[in-house]
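Just so it is clear, the values below take in all heavy atoms, side chains as well, and ignore hydrogens, waters and symmetry mates. Everything numeric here is computed off the predicted structure, so don't read it as measured data.
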Amino acid sequence: MAQSDLVLYSVDNHIALITVNDPARRNAVTGAMSAQLRAAVERAQADTDVHAVVVTGAGKAFCAGADLSALGEATEEGLLGVYDGFMAVANCTLPTIAAVNGAAVGAGLNLALAADVRIAGPDALFDARFQKLGLHPGGGATWMLHRAVGPQVARAVLLFGMRFDAHAAVAHGLALSVVDDPVAAALELAAGPAAAPRDVVLATKATMRATSSPGSLDTEQHELAKRAELGPQAQSIRSPEFAARLAAARGK
């Protein structure tokens with residue numbers, strides 16, 4: 001697949017649809033995909049005709065996480081490159097919706113969590129899977145899960161391996177709803193900000209960020225969490241346990 005095809009971008013009715021597009025590899029995140037995802041988000045923000053953003057995955061998966069081969073060779077700087085795409089979604093000044101059409105695993109779960117709202121398809125699966133891989137969570141996952149589902153469920157996910165199908169995700173507040181066509185539902189929901197003045201939409205999201213935890217912006221909290229996780233995750237990547245899991249994965 002051409003590098004330029006890893007992320008698709010289109011705009012209709014003031015809504016940007018961004019699709020991570022490597023279905024043969026279940027949309028696994030690489031540095032190249034991450035860079036293109038950031039570029040797409042920045043393109044949407046720079047376009048005064050765009051009032052909202054919908055993110056989804058091509059094929060059956062939403063995003064199956066970071067490419068393990070790339071992850072196994074990643075330094076802390078490399079990890080930041082893998083994070084960069086979903087951090088762009090997290091920092092987006094426009095309203096964002098993740099249309100989770102299938103599995104959202106590891107970094108793919110981070111991508112879903114980075115959006116303001118998640119809509120699940122019937123085959124959606126939300127699975128952190130960091131511990132199972134012998135990895136420390138990264139990309140601000142600890143903070144994003146606390147924000148989305150509260151401390152008890154966040155700990156059940158990251159310490160005990162809890163994962164959610166579509167209906168469980170709604171029950172725990174991780175997703176807004178379950179629908180047969182999550183992209184269509186996301187576009188319908190995004191019609192709200194699409195029909196509103198763009199400056200009001202931007203100001204409302206900025207105010208909600210400022211009031212979610214008075215005294216700091218939620219984007220600042222995410223950045224602090226990402227930095228706190230970075231060293232332990234890099235160390236876990238260098239461990240013999242992760243090397244063994246990586247070798248097993250490559251051998252499949």
Side-chain angles (χ1 to χ4, degrees), residues 7-21 27 37-38 40-63 85-104 108-126 144-145 147-150 153 164-212 218-219 222:
V7 174
L8 305 178
Y9 181 91
S10 62
V11 176
D12 188 41
N13 293 325
H14 305 296
I15 304 165
L17 177 62
I18 297 173
T19 305
V20 290
N21 181 46
N27 305 318
L37 180 55
R38 170 169 286 281
V41 172
E42 291 178 348
R43 180 178 176 184
Q45 290 182 127
D47 185 349
T48 57
D49 190 51
V50 174
H51 295 200
V53 173
V54 172
V55 180
T56 193
K60 294 183 178 181
F62 176 72
C63 175
F86 62 74
M87 290 301 297
V89 175
N91 293 324
C92 185
T93 56
L94 296 163
T96 54
I97 304 170
V100 184
N101 52 303
L109 176 60
N110 283 358
L111 175 57
L113 287 168
D116 295 314
V117 171
R118 287 155 293 283
I119 296 177
D123 298 322
L125 175 69
F126 300 83
M144 287 193 289
L145 275 163
R147 176 182 63 172
V149 296
V153 178
F164 308 92
D165 64 14
H167 292 283
V170 172
H172 288 286
L174 184 56
L176 182 67
S177 58
V178 183
V179 296
D180 288 337
D181 188 340
V183 173
L187 293 172
E188 183 177 355
L189 185 62
R198 192 176 194 262
D199 58 345
V200 172
V201 172
L202 292 170
T204 300
K205 179 161 179 177
T207 301
M208 293 186 75
R209 281 181 160 164
T211 58
S212 64
D218 66 356
T219 50
H222 192 170

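Atom-to-atom distance recorded for Asp12:CG and Leu17:CG is 9.5 Å, nearest 0.5 angstrom. With values rounded to the nearest 0.5 angstrom, Arg198 atom CZ is found 7.0 Å from Asp47 atom CG. With rounding to the nearest 0.5 Å, the separation of CZ in Phe86 from CG in Asn110 is 4.0 Å.
Heavy atoms only, all atoms of each residue included: Leu187 and Ile15 are closest at O-CD1, 3.6 Å. Nearest heavy atom pair, residue Val149 against residue His172, reads CG1-O, 3.5 Å. Ala112 and Val100 make their closest contact through CB-CG2, 4.1 Å (heavy atoms, listed as atom of the first residue, atom of the second, distance). When all heavy atoms are compared, the tightest approach of Leu113 to Arg118 is O-NH1, 3.4 Å. Closest of all the heavy-atom pairs between Ala99 and Thr56 is O-OG1, 2.8 Å. Tyr9 and Ala44 get closest at one heavy-atom pair: OH-CA, 3.3 Å.
Here the side chain of Asn101 pairs no donor or acceptor atom with the backbone of Gly121 at under 3.5 angstrom. In this structure, Lys205 contributes its side chain and Cys92 its backbone to a donor-acceptor pair below 3.5 Å.
The pair Asp218-Arg147 meets the salt-bridge criterion, with a side-chain N (NZ, NE, NH1 or NH2) lying under 4.0 Å from an Asp/Glu carboxylate O.
Side-chain atoms of Phe62 and Leu111, non-hydrogen and from C-beta on, do get closer than 4.5 Å to each other. Inter-residue side-chain proximity for Ile18 and Leu8 is flagged as unmet; no heavy-atom pair is nearer than 4.5 Å.
The 12-atom threshold is exceeded at CD of Glu42, counting heavy atoms of other residues, nucleotides or ligands nearer than 6.0 Å. Applying the 6.0 Å contact sphere to CG of Asp199 captures more than 12 heavy atoms from other residues, nucleotides or ligands.
With 3.5 Å as the limit, one finds no donor-acceptor pair spanning the side chains of Thr219 and Asn91.
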Quiz item: Run the side-chain contact (heavy atoms from CB on, under 4.5 Å) check on Asp49 and His14 step by step: do they pass?
Solution: CA-CA 6 Å; Asp49 190 51; His14 305 296; 2.9 Å; yes
